[in-house]
Protein chains: 2
Amino acid sequence: MSPRKQAQNEQMRAEALGKINGAALKVFARYGYHGATMKQIARATGLSYGLVYHYFPSKEKVFCSLLDFALEIPMAALNAVFDAPGTAWEKIENLSAILVGDSKSGESSLYFFFVLQAMTQGKGIPGVPGLIDKRLTAYYEKFIPFLIQAQKSGEAVKGDPAALTAAYFSFVQGLALLAFQGKGMEKKITPGILLSVLRNGQSRVKA
Amino acid sequence: MSPRKQAQNEQMRAEALGKINGAALKVFARYGYHGATMKQIARATGLSYGLVYHYFPSKEKVFCSLLDFALEIPMAALNAVFDAPGTAWEKIENLSAILVGDSKSGESSLYFFFVLQAMTQGKGIPGVPGLIDKRLTAYYEKFIPFLIQAQKSGEAVKGDPAALTAAYFSFVQGLALLAFQGKGMEKKITPGILLSVLRNGQSRVKA
DNA sequence: GTCTATACACTGATAGAC
DNA sequence: GTCTATCAGTGTATAGAC
């Protein structure tokens, strides 16, 4: 095999994988794991049915591979925000802006909703609960220390940090659901609404 | 047909319907519409497979009938709370306590989660989106006037009432999802956390 | 009303030609 | 790598005995 051909093959492979993942995202997000069919996914790629199975051994693998990628997105946001300079509360403000924005906009919102599908239906699919648990725990562990810091500075509300964190991320998922309803209501949701769950109402507020 | 027999039949009918709905709730909530099978539901009732089809013409009807009932529960809470005496804000406080409680406790939380399944997967199921839209609109219409009133009294935060209402109910659904994760995190969620979305942080707070 | 057995369609996955 | 054709298994719904 010449290097030329190898490079070509790799590119084709990458293209095909990209198409499949993109199609799977749309179909799984809309119909859920059991509601989606490999036929639908194949049709959405434009490629043939059998070719999908050339790249993925099973429907389950397509789903889990995509889920792994989708769960990475909020983690990337968490890392980006919390590793940047600023106070703990400012970081939480920035995160809220990103999460609310992502839950509304085109592709990110699809990923968010796909994760929601995985969480609601995933208990019957091998590998899915484990993936979700692992990632969710990672979100929490990254988030909580900064929340505690913001509580100490008086900007975040008092209360069990773990409970507040769980509520915060649950809210984000609720907003993803709202966005998927497609009534346009999500456009009016501001980061401030999400932040209100954590904000200390008794403190002085900026003008 | 003697009245005696008729009464007996009606009771049997009611019993069977109750069993089917109860079983369907558990199975649909756990596996979603497409993930659940009529075989599972039949087994969970203890009745035979064919008998389920004696009472319901299709899987879709079982689902929609149950969904209609499930969507009634929050509406009943809304009516109970808002038709009772008290200020608008007190009513919203009471509602929050009920919703948070229901999202945690046994059977109500199953219904909440079943509705979540219907919302995530329902777009492919005839009749489901219509049912959900109708009810959700009813929730909003009942809720918004009281929120506006609470905004005027200064207890609720300023902002688009429709957006705040959408956020509020989205949060409730997020909490239902949290409860279904079964990590026990939901036990630490208080009505106050839900209320914080609507509470005016700039106003004086009770001691 | 209640059950078992079956028809029919569809889906996930594979085989094998090109 | 790409495709079509096919298999085996499963799911909804129905038929018909009791």
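Residue numbering restarts at 1 for every chain, and letters A, B, ... go by the order of the sequence lines. Scope of the values below: all heavy atoms of this structure, side chains included, with no hydrogens, waters or symmetry mates.
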Validation: residues 138-148 of chain A side-chain donor-acceptor distances under 3.5 Å, sequence neighbours left out:
{"residue": "A/Y139", "atom": "OH", "partner": "A/L71", "partner atom": "O", "Å": "2.6"}
{"residue": "A/K142", "atom": "NZ", "partner": "A/N79", "partner atom": "OD1", "Å": "3.3"}
{"residue": "A/K142", "atom": "NZ", "partner": "A/D83", "partner atom": "OD1", "Å": "3.3"}

### Task
Determine yes or no for a side-chain-to-main-chain donor-acceptor pair under 3.5 angstrom, with A/Q151 supplying the side chain and A/V157 the backbone.
yes
### Query
Phosphate oxygens OP1/OP2 of D/dG1: is one of them under 4.0 Å from a side-chain N or O of A/H54?
yes
Show the distances under 3.5 angstrom between N or O atoms of the protein and N or O atoms of nucleotides 12-15 of chain C.
{"residue": "C/dG12", "atom": "OP1", "partner": "A/A36", "partner atom": "O", "Å": "3.3"}
{"residue": "C/dG12", "atom": "OP1", "partner": "A/K59", "partner atom": "NZ", "Å": "2.7"}
{"residue": "C/dG12", "atom": "OP2", "partner": "A/M38", "partner atom": "N", "Å": "2.9"}
{"residue": "C/dG12", "atom": "N7", "partner": "A/Y49", "partner atom": "OH", "Å": "3.0"}
{"residue": "C/dA13", "atom": "OP2", "partner": "A/Y53", "partner atom": "OH", "Å": "2.8"}
{"residue": "C/dA13", "atom": "OP2", "partner": "A/K59", "partner atom": "N", "Å": "2.8"}
{"residue": "C/dA13", "atom": "N7", "partner": "A/Y49", "partner atom": "OH", "Å": "3.0"}

Give the table of side-chain donor-acceptor pairs shorter than 3.5 Å for residues 34-45 of chain A, with sequence neighbours excluded, one pair per line with atom names and distance.
{"residue": "A/T37", "atom": "OG1", "partner": "A/Q40", "partner atom": "N", "Å": "3.1"}
{"residue": "A/Q40", "atom": "OE1", "partner": "A/T37", "partner atom": "N", "Å": "3.0"}
{"residue": "A/T45", "atom": "OG1", "partner": "A/A42", "partner atom": "O", "Å": "2.5"}
{"residue": "A/T45", "atom": "OG1", "partner": "A/L47", "partner atom": "N", "Å": "2.9"}

### Integer-rounded Å distance: D/dT2 C1' and A/N9 CG
12 Å
### Summary
Which of D/dT2, C/dG1, C/dT4 is nearest the side chain of B/L51? It is C/dG1
### Message
Can you list everything that forms a ring-ring contact (aromatic ring centres under 6.0 Å, His included) with B/F114? Sequence neighbours excluded, please.
### Response
B/F63
### Task
Rounded off to whole Å, could you give me the CD1-to-C1' distance for the B/I41 and D/dA13 pair?
14 Å
### Message
For a quick check of understanding: with a heavy-atom distance under 4.0 Å over all strands, which category does B/F56 fall into, base, sugar-phosphate or nothing?
### Response
nothing
### Query
With B/T87, which residues qualify under side chain to side chain contact (heavy atoms under 4.5 Å, CB included), at least two apart?
B/W89, B/E90
For residues 14-21 of chain A, tabulate all N or O donor-acceptor pairs below 3.5 Å that involve a side-chain atom, not counting sequence neighbours.
{"residue": "A/E15", "atom": "OE2", "partner": "A/Q11", "partner atom": "NE2", "Å": "3.4"}
{"residue": "A/N21", "atom": "ND2", "partner": "A/L17", "partner atom": "O", "Å": "3.1"}

### Exceeds 12 heavy-atom contacts within 6.0 angstrom, atom CD of B/E107
no
### Task
Pull out every residue in residues 13-25 of chain B that has a heavy atom closer than 4.0 Å to any atom of DNA chain C, ordered by number, or say none.
none
### Task
Please list, chain by chain and in numerical order, all residues satisfying side chain to side chain donor-acceptor pair (under 3.5 Å) with B/S58, sequence neighbours excluded.
none
### Task
Would you please name every residue forming a ring-ring contact (aromatic ring centres under 6.0 Å, His included) with A/F56, sequence neighbours left out?
none
### Task
Sequence neighbours left out, what passes side chain to side chain contact (heavy atoms under 4.5 Å, CB included) with A/V172? Give chain and number order.
A/L99, A/F112, A/L194
List, one per line, each side-chain donor-acceptor pair under 3.5 Å for residues 174-188 of chain B, sequence neighbours excluded.
{"residue": "B/K183", "atom": "NZ", "partner": "A/D133", "partner atom": "OD2", "Å": "2.7"}
{"residue": "B/E186", "atom": "OE1", "partner": "B/G184", "partner atom": "N", "Å": "3.4"}
{"residue": "B/K188", "atom": "NZ", "partner": "A/D160", "partner atom": "OD2", "Å": "3.0"}

Heteroatom pairs (N/O) under 3.5 angstrom, protein to nucleotides 16-18 of chain C:
none

